[in-house]
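Contents: one structure, followed by commentary.
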Amino acid sequence: MAIVSGSTPFGLGKTFAQGTTIDSAKLGGVSLEGQVCTFTNVVVPSGSTTLRTLLNDGPIQARLVRNVSGIALLPGRLAIYKAGQQDKRVDGYTNTTAQRAAGVVDPWLPAAGVPANDLFWIIISGTVPVRRSLSNSAADDAEGDTLYAITAATSQATTAGRFTRWVGTFTAAETTDGGAFAIQRNAIGLAMSACTTAGTNQNMSIRIRIDP
């Protein structure tokens, strides 16, 4: 794995604490929060459950953030920033329609995800696998579709941090927040692979385009 720009304390697929006990009263690496690095020649780290190699998909830009949600955040899900901690700390998953996402929880993390209070990477640019909805979509996802966050009961629900495709067109009523304008403004990116309506809870390749 090569670094294009910036120095990094650890690579993708890893966390700051690396499984050691985290003292919530004395957090390590606070000065690293918010750091952005660009990775190239990304390969699936040893032991990762993500079976995708991204050698030909260009560089990946990631931001180092802390998980303050109180739960383990799982790989390939869309995270949101904690209020007052923009670009530094996340406290759950997206859970409202067309909500602005902080980024994608590092898809190369182990299946157990990132523990509470640990530092980890969220992907803000590049082509990565993202976890699809648990429900059947209204139509097949196709390459090039615009994708956005969907509603869930809470920011920590199993159904949270997921996405769907936009198939609408602009009307006067849809140029307000909550309509098509919000969907386009807060779109997480474009589908780089296709998936059928029944392809629930699967990884789908998405070209992420979240503002850094």
Quick one: are [X] and [Y] in side-chain contact, heavy atoms under 4.5 Å?
| X | Y | answer |
| --- | --- | --- |
| Phe120 | Val90 | yes |
| Pro107 | Pro129 | yes |
| Phe163 | Ile206 | yes |
| Ser24 | Asn117 | yes |
| Arg66 | Lys88 | no |
| Met204 | Val130 | no |

- State, without any angle test, whether Thr151 and Thr96 hold a side-chain donor-acceptor pair at a distance under 3.5 Å.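 The criterion, which ignores hydrogens and geometry beyond distance, is not satisfied for Thr96 and Thr151.
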Taking all heavy atoms of [X] and all of [Y], pick out the closest pair and write down the distance.
| X | Y | value |
| --- | --- | --- |
| Pro59 | Thr38 | CB-CG2, 3.7 Å |
| Ser155 | Asn95 | N-ND2, 3.5 Å |
| Ile124 | Ala102 | CG2-O, 3.5 Å |
| Thr159 | Ala152 | OG1-CB, 3.4 Å |
| Pro9 | Trp121 | CD-CZ2, 4.4 Å |

- Task: Just do the side-chain contact (heavy atoms from CB on, under 4.5 Å) check on Glu33 and Leu119 with the steps written out, would you?
- Result: CA-CA 8 Å; Glu33 294 177 12; Leu119 285 169; 3.6 Å; yes
Between [atom1] on residue [X] and [atom2] on residue [Y], distance to nearest 0.5 Å:
| X | Y | atom1 | atom2 | value |
| --- | --- | --- | --- | --- |
| Thr164 | Ile150 | OG1 | CD1 | 6.5 Å |
| Leu147 | Ser133 | CG | OG | 12.0 Å |
| Arg100 | Ile188 | CZ | CD1 | 13.0 Å |

- Is the backbone N or O of Arg132 less than 3.5 Å from a side-chain atom of Arg162, with the two atoms forming a donor-acceptor pair by type?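 Yes: the side chain of Arg162 pairs with the backbone of Arg132.
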- Message: Suppose clustering is done on Ile, Leu, Val, Met, Phe, Trp and Tyr with side-chain heavy atoms closer than 4.5 Å. Which residues sit in the same group as Val30?
- Response: Ile22, Leu27
- Are Phe39 and Ile208 in one and the same hydrophobic cluster, where Ile, Leu, Val, Met, Phe, Trp and Tyr link if side-chain heavy atoms are under 4.5 Å apart?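 Yes; tracing contacts between hydrophobic side chains, which count when under 4.5 Å, links both residues.
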- Query: side-chain contact (heavy atoms from CB on, under 4.5 Å) between Ile60 and Ile123: does it pass, once the steps are laid out?
  - Reply: CA-CA 7 Å; Ile60 288 175; Ile123 311 304; 3.7 Å; yes
If you look only at distance, which donor and acceptor atoms sit under 3.5 Å apart when one is on a side chain in residues 10-18 and the other is two or more places apart or in another chain?
unit_1: Thr15; atom_1: OG1; unit_2: Gln18; atom_2: N; d: 3.3
unit_1: Thr15; atom_1: OG1; unit_2: Asp118; atom_2: OD2; d: 2.6
unit_1: Gln18; atom_1: NE2; unit_2: Thr15; atom_2: O; d: 2.4

Atom pairs and distances, donor-acceptor, side-chain atoms in residues 69-83, under 3.5 Å, two or more places apart:
unit_1: Ser69; atom_1: OG; unit_2: Asn67; atom_2: OD1; d: 2.7
unit_1: Ser69; atom_1: OG; unit_2: Ile71; atom_2: N; d: 3.2
unit_1: Ser69; atom_1: OG; unit_2: Ile71; atom_2: O; d: 3.0
unit_1: Arg77; atom_1: NE; unit_2: Ala160; atom_2: O; d: 2.8
unit_1: Arg77; atom_1: NH2; unit_2: Ala157; atom_2: O; d: 3.2
unit_1: Arg77; atom_1: NH2; unit_2: Thr158; atom_2: O; d: 3.1
unit_1: Arg77; atom_1: NH2; unit_2: Ala160; atom_2: O; d: 3.1
unit_1: Tyr81; atom_1: OH; unit_2: Arg63; atom_2: NE; d: 3.2
unit_1: Tyr81; atom_1: OH; unit_2: Asp87; atom_2: OD1; d: 3.2

